[in-house]
There are 2 protein chains.
Amino acid sequence: MSEVESFFKSAFSVDNVIFGFDGRSLKVLLIQRGAAPFRGKWALPGDLVYPNEDLDAAAERVLQQLTGLSNVYLEQVKAFGAVDRHPIGRVITIAYYSLIKISNYAVTPASFAQSAQWHEANNVITDLAFDHNDILDTCLQQLKTKARREPIGFELLPPKFTLTELQQLYEAILDQPKGLDKRNFRKKILAMNILVECSEQQAGVAHRPAKLYQFDKEKYEALAAKGLSFDL
Amino acid sequence: MSEVESFFKSAFSVDNVIFGFDGRSLKVLLIQRGAAPFRGKWALPGDLVYPNEDLDAAAERVLQQLTGLSNVYLEQVKAFGAVDRHPIGRVITIAYYSLIKISNYAVTPASFAQSAQWHEANNVITDLAFDHNDILDTCLQQLKTKARREPIGFELLPPKFTLTELQQLYEAILDQPKGLDKRNFRKKILAMNILVECSEQQAGVAHRPAKLYQFDKEKYEALAAKGLSFDL
DNA sequence: ATTATTTCGTGTAGAAATGACAATAAGTAT
DNA sequence: ATACTTATTGTCATTTCTACACGAAATAAT
């Protein structure tokens, strides 16, 4: 075997930290492994990257196969490449996270035999397979950092939401000890001018219904180009 | 060849965007490739990762072989893995950037035959080898973002520096159109309480010498733990 | 239909941070 | 001594931030 060939004995995979929000807390979708290694352990959904598949495409595929969803927010975080991170050989993995609207996720489609389950993002069991605890922590940290500087939170909410729901989301993501002040939060987010008020109101609640809002992405991008910086 | 084996026909490399600051502008260290592919083209320093080498270690090695430096600021940015990014096979690369004190870099050590040269970081030729323009842009963007929120700029300065030097550095990194206000910059950075004044002064200048300062990392970390957030 | 219950929606005032601005001080070179 | 160059320092007006409480609008229960 030539020297160059000896470098071509490794593989790479993608692992995807899929976040959702159920109205109360931030969740992560984990699977229980059906095959060795780490059979039976909880793990991040992931797969080897096909030889002629781009990295991002592989991450999308993993997400699509597990949730049936496509066209969702997906972002690469970093590569994890410790020599011994995988028991069967040299496999580095590229970690991604996605943000999905939890209500769109139906339950595991039949095509995927493995059991998948939502777990509390801030309180995940510490013995995930491989180095997945590491990966999860890194992605969670990155989400927390990024969510306060870019308007990605909306990816976790239904298209129309109330300001209270939005606030609860941010309280769940940034773990502010005391929560956020209601009036100040509303003032701030409305002042950015990136939300549009819907004509409908919240329905089916046993109290005064709230106004519904939508995130206006075009408006945000126009303002961002002019120097607006989202910051919570 | 088994199905699993077909996944083990790829390699990975690291590429390192090495930044320096010469007192006026931000620089990147590029090499001129001595071998195919892209022989003669300018490129980021990088190498294949050895089979039993951690990713970070490979990035350090590349840096060390080129500059003779070790123990410098090094950070992984992301993986670049388009299927066709490398002409000789499937090779994904993990991009890093490092910040070095340019005065410590002697010139290419003999061990490295390739010619290495500093280029203006904000104005690099657009036909680097591989997808290196992409990688460079991403790393530069990341540096700009990160430099305003974490005290990493000091890695580019000598241990003792004047406030004017520090300001010039930040003006070079964040390309503020009008520069920063001198009085306000000093007020802000000194108020953070992470600099210590040296007993010496600047020497060898034909005008009033400035006080020299050092970055106090322990102090910063103590304050950061209590909630200080570096922000310029 | 009155009442209880729950959440919605809103403004103000004091404190803190920011941004704009220029004159004197301390050295070297001639 | 004088010219030259860069270093150092404070104030004021404006903006932003933070803390804080009550009437309004709907449903549920009687």
Side-chain angles (χ1 to χ4, degrees), chain A residues 22-24 148-149 157-158 160-172 174-214 223 226-232, chain B residues 22-24 148-149 151 157-158 160-172 174-214 223-224 226-232:
Chain A
D22 66 357
R24 308 210 150 271
R148 56 176 70 198
R149 309 226 150 86
L157 290 177
K160 300 181 179 186
F161 48 83
T162 69
L163 293 183
T164 300
E165 286 165 350
L166 184 62
Q167 179 173 350
Q168 282 164 342
L169 168 66
Y170 276 97
E171 286 173 346
L174 332 167
D175 30 32
Q176 299 282 333
K178 317 195 139 218
L180 305 167
D181 179 86
K182 192 175 193 174
R183 277 179 286 195
N184 293 337
F185 178 81
R186 293 156 100 95
K187 227 184 304 173
K188 202 169 191 175
I189 196 90
L190 289 176
M192 289 185 201
N193 219 32
I194 56 177
L195 297 185
V196 297
E197 201 176 316
C198 305
S199 47
E200 311 120 89
Q201 288 188 323
Q202 192 182 29
V205 289
H207 56 76
R208 175 173 177 178
K211 291 182 197 159
L212 290 171
Y213 290 84
Q214 281 183 283
L223 290 169
K226 285 182 190 139
L228 166 78
S229 83
F230 185 91
D231 210 324
L232 279 182
Chain B
D22 67 357
R24 307 207 150 274
R148 54 177 71 198
R149 308 227 152 86
L157 291 176
K160 299 181 179 184
F161 49 84
T162 70
L163 293 183
T164 300
E165 287 166 348
L166 184 61
Q167 180 173 350
Q168 282 165 342
L169 168 67
Y170 276 98
E171 287 173 345
L174 330 168
D175 30 31
Q176 298 282 331
K178 319 195 137 216
L180 304 168
D181 179 87
K182 195 170 194 174
R183 278 178 285 194
N184 293 338
F185 178 81
R186 288 162 175 253
K187 226 185 304 173
K188 202 168 190 177
I189 196 92
L190 289 175
M192 288 185 203
N193 220 31
I194 56 178
L195 298 185
V196 297
E197 201 175 316
C198 306
S199 46
E200 311 120 88
Q201 289 188 321
Q202 191 182 29
V205 289
H207 55 76
R208 173 171 178 181
K211 290 180 196 160
L212 291 170
Y213 291 84
Q214 281 183 280
L223 290 170
K226 284 181 191 140
L228 167 76
S229 81
F230 185 91
D231 210 323
L232 279 181

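Within every chain, numbering begins at 1; the chains are lettered A, B, ... in the order of the sequence lines, protein sequences first and strands thereafter.
- Judged by distance alone, with hydrogens and angles left aside, B/Arg208 brings a side-chain donor or acceptor within reach of the base of D/dA7, the pair sitting under 3.5 Å.
- Comparing C/dA29, C/dC8, D/dA25 by their nearest atom to the side chain of B/Ala206 picks out C/dA29.
- Between the CZ atom in A/Arg183 and the NZ atom in A/Lys187 there is a gap of 8.0 Å [rounded to 0.5 Å].
- Separating the CG atom of B/Leu166 from the C1' atom of D/dT8 is a distance of 16 Å, rounded to the nearest angstrom.
- The closest side-chain heavy-atom distance from A/Leu232 to A/Leu180 is not below 4.5 Å.
- If you take CD1 of A/Ile189 and P of D/dC17, they are 13 Å apart, rounded to a whole angstrom.
- A straight line from CZ of A/Phe185 to P of D/dC17 spans 14 Å, rounded to a whole angstrom.
- Counting to the nearest Å, the C1' atom of C/dT7 and the NE2 atom of A/His207 are 5 Å from each other.
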Taking protein heavy atoms under 4.0 Å as touching, what does nucleotides 10-17 of chain C look like 5' to 3' if B marks base contact, S marks sugar-phosphate-only contact and - marks none? BBB-----

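- In this structure, B/Gln201 atom CD and C/dT28 atom C1' are separated by 13 Å, rounded to whole Å.
- The residue among A/Val205 and B/Thr162 whose nearest nucleotide of DNA chain D is located toward the 5' end is B/Thr162.
- Closest-nucleotide positions on DNA chain D for A/Lys188 and B/Leu163 were compared, and the one nearer the 5' end corresponds to B/Leu163.
- Following rounding to the nearest Å, B/Gln168 (CD) and D/dA7 (C1') show an atom-to-atom distance of 13 Å.
- When the options B/Leu166, B/Asp181, B/Thr164 are evaluated for a side chain to side chain contact (heavy atoms under 4.5 Å, CB included) with B/Arg186, the one that passes is B/Thr164.
- In this structure, B/Thr164 reaches the D/dA7 phosphate: one of its side-chain N or O atoms is under 4.0 Å from OP1 or OP2.
- Side-chain atoms of B/Arg149 and B/Ser229, non-hydrogen and from C-beta on, never get closer than 4.5 Å to each other.
- Put simply, the side chain of B/Ile189 does not reach to within 4.5 Å of the side chain of B/Tyr213, judged on heavy atoms.
- The CD atom of A/Gln167 sits 12 Å away from the C1' atom of C/dC8 (whole-angstrom rounding).
- Annotation for A/Leu163 and A/Phe185: closest pair O-CE2, 3.9 Å, computed over non-hydrogen atoms.
- In this structure, the side chains of B/Phe161 and B/Leu195 come closer than 4.5 Å at one or more pairs of heavy atoms.
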